[in-house]
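Values below: every heavy atom of this structure, side chains too, minus hydrogens, waters and symmetry copies. Because the structure is predicted, anything quoted here is derived from the model rather than measured.
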Amino acid sequence: MKRILATLAVLALSASAVLAHDFTLGDLKIHHPASKATLPGQPVAGGFMTITNTGAAADRLVSIAAPDVSDDVQIHEMAMENDVMKMRQLADGVELPAGAKVELKPGGLHVMFMKIKHPLKEGDKFKATLNFEKAGKIDVDFKVEAAKPAAKEGEAASGDHSGHGG
């Protein structure tokens with residue numbers, strides 16, 4: 001009986017380690033890098049994650065590389081300008097203030113994988129390298145999740161990536 005309980009405990013710990021999808025680089029905690037499944041022929045995909053800077057000094061996510069998926073990975077923001085949602089590349093990256101959490105999510109700051117090399121399939125994962133101004137580089141795994149179902153009535157203008165492949 002003890003052997004069975006010990007085996008179950010090991011399996012439970014292994015499962016939680018598999019479900020945990022966090023990465024740490026110095027004072028930076030990167031939580032759940034993810035993308036959405038894409039359709040064949042879809043040219044772009046979005047990337048999302050939460051980065052928490054637990055340190056006393058600001059840092060900056062300056063670039064991302066994911067050569068298996070795209071040779072052109074950009075950091076973008078979406079913002080309302082004159083009642084129109086606009087997306088633009090942030091050439092200088094994303095500021096990570098000391099002691100703050102920054103979310104990269106649909107409708108706000110996010111990653112864009114341009115001219116993707118193949119469709120992203122739900123359940124897959126791919127490697128990417130995050131490059132920070134002060135903390136340096138870290139390799140992470142982006143998990144490919146289900147594409148968001150079609151927007152319900154009244155949600156079309158939510159600023160998500162339904163029209164931008166993410």
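Criterion: ILVMFWY side-chain heavy atoms under 4.5 Å apart, direct or through other members. Under it, Val62 and Ile51 are not part of a common hydrophobic cluster.
Within a 6.0 Å radius of NZ in Lys29, more than 12 heavy atoms belonging to other residues, nucleotides or ligands are found.
For the atom pair Met49 CE and Asp22 CG, the distance stands at 12.5 Å (nearest 0.5 Å).
Within the structure, the side chain to side chain donor-acceptor pair (under 3.5 Å) test picks out the following pairs touching residues 90-102 (sequence neighbours left out): Arg60-Glu95. Note on residues 83-109: no pairs pass ring-ring contact (aromatic ring centres under 6.0 Å, His included), not counting sequence neighbours. The list of ring-ring contact (aromatic ring centres under 6.0 Å, His included) pairs with a residue in residues 80-102, not counting sequence neighbours, is empty. Applying the salt bridge (Lys or Arg N to Asp or Glu O under 4.0 Å) test to residues at least two apart or on different chains, the pairs with a partner in residues 114-124 are Asp71-Lys117.
The aromatic rings of Phe126 and Phe142 lie parallel to each other, with less than 30° between the two planes, well short of the 60° mark.
Residues Met112 and Gln89 have side chains not in contact (no heavy-atom distance under 4.5 Å, counting atoms from C-beta outward).
Not one N or O on the side chain of Ser35 forms a donor-acceptor pair closer than 3.5 Å with the backbone of Gly47. Asp59 places no side-chain N or O within 3.5 Å of a backbone atom of Asn53 that could act as its donor or acceptor partner. Of the possible donor and acceptor atoms, one in the side chain of His118 sits under 3.5 Å from a partner among the backbone N and O of Asp68.
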Going by atom type alone, with no hydrogens or angles, which donor-acceptor pairs under 3.5 Å involve a side-chain atom of residues 74-81 and a protein atom two or more places apart or on another chain?
residue	atom	partner	partner atom	Å
Gln74	OE1	His76	NE2	2.6
Gln74	NE2	Asp72	OD1	3.3
Gln74	NE2	Asp72	OD2	3.1
Glu77	OE2	Arg88	NE	2.8
Glu77	OE2	Arg88	NH2	2.5

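In this structure Phe23 satisfies the ring pair (Phe, Tyr, Trp, His ring centres under 6.0 Å) test together with His21, sequence neighbours excluded.
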